[in-house]
Chemist: 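Dumping the structure here so I can ask a few things about it.
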Number of protein chains: 2
Amino acid sequence: MELMSFLKQVPLFAGLTAPQYDELAMIITLQDYARGQSIFAEGDPGTGFYVVMEGLVKIYKLSIEGKEQILHIFGPGEPFAEAAVFIGSTFPAHALALEKSRTIFIPRHAFIELIQANPALAMNMLAALSMRLKKFAHLIEDLSLKEVPGRVAAHLLYLSTQQGDSDTVKLNIGKAQLASLLGTIPETLSRILSKLGKQGLISSDGPQITILDRDGLEDLAMGEKL
Amino acid sequence: MELMSFLKQVPLFAGLTAPQYDELAMIITLQDYARGQSIFAEGDPGTGFYVVMEGLVKIYKLSIEGKEQILHIFGPGEPFAEAAVFIGSTFPAHALALEKSRTIFIPRHAFIELIQANPALAMNMLAALSMRLKKFAHLIEDLSLKEVPGRVAAHLLYLSTQQGDSDTVKLNIGKAQLASLLGTIPETLSRILSKLGKQGLISSDGPQITILDRDGLEDLAMGEKL
DNA sequence: CGCTGCGTTGAGCTTCTTCAACGATCGTGG
DNA sequence: CCACGATCGTTGAAGAAGCTCAACGCAGCG
């Protein structure tokens, strides 16, 4: 079945033996979500964690007034909500499917047994959590030390490297979502993209953005004033 | 020796056997730092990680213009810079001793061998990293979704629970450091503490702050306007 | 065809930072 | 022991960045 071939592609599970893959396949369950459907809410009991199989999932926090800050956006092969498993607490954020999505769910208890029998799996998980920490540290740095234009520039450059260092990048999420990911609001993002265009740094055509002045963007991303 | 009794108190090392403690003691080195001395800089190769034995250590990011954002402040028994060990990368932030401090240093390679032989140690480390992630998520939420008065209120309440739910809390760090931890600057923090005082929510005497209206502070911390 | 979600633009305002000056405290060296 | 300088905290006035509120255009879809 294709589930097995998917599992073998997930970096987190690299290094498992064939019987261990079978064991893993026994304990997981598949779950489907429609676009816009909630996967879990902050405060729900963390009885296990997830791996995205298809689609796109956002992890986010909400303020009382309804403002949203996206913490992560995960695509196929990426695990999420692992942290709750190891501290036995509730989910510290919300999760929602941005597109029609399918996830695998791995229950806490069975996974802990699996990991204790598998040093390789433990090391994979340690590496995954460490990467997550590094990304968070970067987000905190951006939010606290950079102005919004700098965050936008940094994100465009990030997308460029993600997409093969092309000078034309395609946004995989809507601009309202992007604004929330960058810690701002759609209006501000729109103004900044327009300003970057007028300065000749980028040219923008809907979700297609072309980088015209890479050095200029890099200066901005480092903290230069616009 | 007292080193051994210290090691046995560190939560991260809980569950090791006596010979494993001996092994641990063999691979670590002690390091002393004066107040204000740098421990490592962002970008240094991450050849191992640390545990605070005495003193106080801050982990922080710097912007080009020199503005600082503190990520963590660690005291005795707390490990730091573990993440770099598991992704084999450079340190993603700076570390500096806020007081005269002593740390133990655990080299990467020896520790990885130790952890692979010890499921309990691996689980401890997974829990530690997960807690770290949760704290980061909380910091991101504060920076992005709360105004500065809300962050101050939340921090005062946090200190109160840390210090036995007393209504009188004592700041363990200077106000300039606190400002940097909360993502603002000393001037703004000073004005806000003064305003909270005028509103009758707190009374402030140097590093001693008394909570007068706990409910009021909690409203603020949740996002209410001042 | 109208509705709804998404993106854009404009005007005004709030919050926070910047810049500057000043007082207090503390550690140190004369 | 006192005086000095450095660091820290506070306060004031001005400015900048980004947010709120409101209106509008546009595309996709029932």
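These numbers come from the heavy atoms of this one structure, side chains and all, not from hydrogens, waters or symmetry mates. A, B, ... follow the sequence lines: proteins, then strands. Residue 1 opens every chain.
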Chemist: Any salt bridge between A:Glu42 and A:Lys61, counting N to O under 4.0 Å?
Modeler: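 A:Lys61 and A:Glu42: salt-bridged.
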Chemist: Counting heavy atoms from C-beta on, name the nucleotide in D:dT10, C:dT9, D:dC8 closest to the side chain of A:Ser190.
Modeler: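 For A:Ser190, the side-chain atoms sit closest to C:dT9.
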Chemist: Is it the case that the side chain of A:Asp213 and the backbone of A:Ile202 share a donor-acceptor pair, with hydrogens and angles ignored and the cut-off at 3.5 Å?
Modeler: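 No: the side chain of A:Asp213 does not pair with the backbone of A:Ile202.
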Chemist: Rounding to an integer number of Å, can you tell me how far B:Lys195 NZ sits from D:dT10 C1'?
Modeler: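 Computing the B:Lys195:NZ to D:dT10:C1' distance gives 15 Å.
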Chemist: Quick one: do the A:Gln177 and A:Lys58 side chains pair a donor with an acceptor below 3.5 Å?
Modeler: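 A:Lys58 and A:Gln177 do have a side-chain donor-acceptor pair below 3.5 Å.
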Chemist: Which nucleotide, D:dG18, D:dT10, C:dT15, lies nearest any side-chain atom of B:Pro186?
Modeler: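 The closest nucleotide is D:dT10.
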Chemist: Judged by atom type as modelled, is there a donor-acceptor pair below 3.5 Å linking the side chain of B:Ser180 to the main-chain atoms of B:Ile70?
Modeler: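 Checking the backbone N and O of B:Ile70 against the side chain of B:Ser180, a donor-acceptor pair under 3.5 Å is found.
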Chemist: At less than 4.0 Å, is any side-chain N or O atom of B:Thr188 found next to OP1 or OP2 of C:dT17? Yes or no.
Modeler: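 For C:dT17, OP1/OP2 do have a side-chain N/O of B:Thr188 under 4.0 Å.
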Chemist: Would you kindly check whether a donor in the side chain of A:Glu65 faces an acceptor in the base of D:dC19, or vice versa, at under 3.5 angstrom?
Modeler: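 A donor-acceptor contact between them is absent.
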Chemist: I want to confirm an ordering. Mapping B:Leu189 and A:Glu187 to their closest nucleotides on DNA chain D, which one lands closer to the 5' end?
Modeler: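 The residue whose closest nucleotide sits nearer the 5' end is B:Leu189.
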Chemist: State which of C:dG7, D:dT20, C:dC16 makes the closest approach to the side chain of A:Lys175.
Modeler: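 Of C:dG7, D:dT20, C:dC16, C:dG7 is nearest to the side chain of A:Lys175.
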Chemist: In whole angstrom, give the distance that lies between atom CG of B:Leu196 and atom P of D:dT10.
Modeler: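 In whole Å, D:dT10 P lies 12 Å from B:Leu196 CG.
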Chemist: Looking at D:dG18, D:dT11, C:dC6, which one has an atom nearest to any side-chain atom of A:Glu147?
Modeler: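 Among D:dG18, D:dT11, C:dC6, the one nearest the side chain of A:Glu147 is D:dG18.
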Chemist: Would you please confirm or rule out a distance under 4.0 Å between OP1 or OP2 of D:dC19 and any side-chain N or O of A:Thr184?
Modeler: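 A:Thr184 to D:dC19 OP1/OP2: side-chain N or O found under 4.0 Å.
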Chemist: Of the nucleotides C:dC16, D:dG12, C:dT9, which one has an atom closest to the side chain of B:Pro149?
Modeler: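 It is C:dC16.
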Chemist: Atom CG of B:Leu143 to atom C1' of D:dG18: distance rounded to whole Å?
Modeler: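 After rounding, the reported distance stands at 16 Å.
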Chemist: What is the separation between atom NZ on B:Lys146 and atom C1' on D:dG18, rounded to the nearest whole Å?
Modeler: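 Computing the B:Lys146:NZ to D:dG18:C1' distance gives 20 Å.
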Chemist: Side chain of B:Lys67, heavy atoms from C-beta onward: which of C:dT17, C:dC16, D:dA22 has the nearest atom to it?
Modeler: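 Selected nucleotide: C:dT17.
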Chemist: To the nearest angstrom, how far is A:Asp205 atom CG from D:dC26 atom C1'?
Modeler: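 Result: 14 Å.
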Chemist: Let's see if you can work this out: which of C:dC16, C:dG10, D:dT10 has an atom nearest to the side-chain heavy atoms of A:Arg191?
Modeler: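 For A:Arg191, the side-chain atoms sit closest to C:dG10.
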Chemist: Nearest whole Å is fine: how far is C:dC16 P from A:Leu145 CG?
Modeler: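 In whole Å, C:dC16 P and A:Leu145 CG are 17 Å from each other.
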Chemist: Please give, in whole Å, the distance from C:dT9 P to A:Ile185 CD1?
Modeler: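 Whole-Å distance recorded here is 15 Å.
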Chemist: For a quick check of understanding: with a heavy-atom distance under 4.0 Å over all strands, which category does B:Gly183 fall into, base, sugar-phosphate or nothing?
Modeler: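 It contacts sugar-phosphate atoms only.
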Chemist: Quick one: A:Leu171 CG to C:dC6 P, roughly how many Å, whole number?
Modeler: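 Value for this atom pair: 15 Å.
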Chemist: Out of A:Leu217, A:Ile209, A:Thr168, A:Ile211, which residue meets the side chain to side chain contact (heavy atoms under 4.5 Å, CB included) rule with A:Ser160?
Modeler: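 Single side chain to side chain contact (heavy atoms under 4.5 Å, CB included) partner of A:Ser160 among A:Leu217, A:Ile209, A:Thr168, A:Ile211: A:Ile211.
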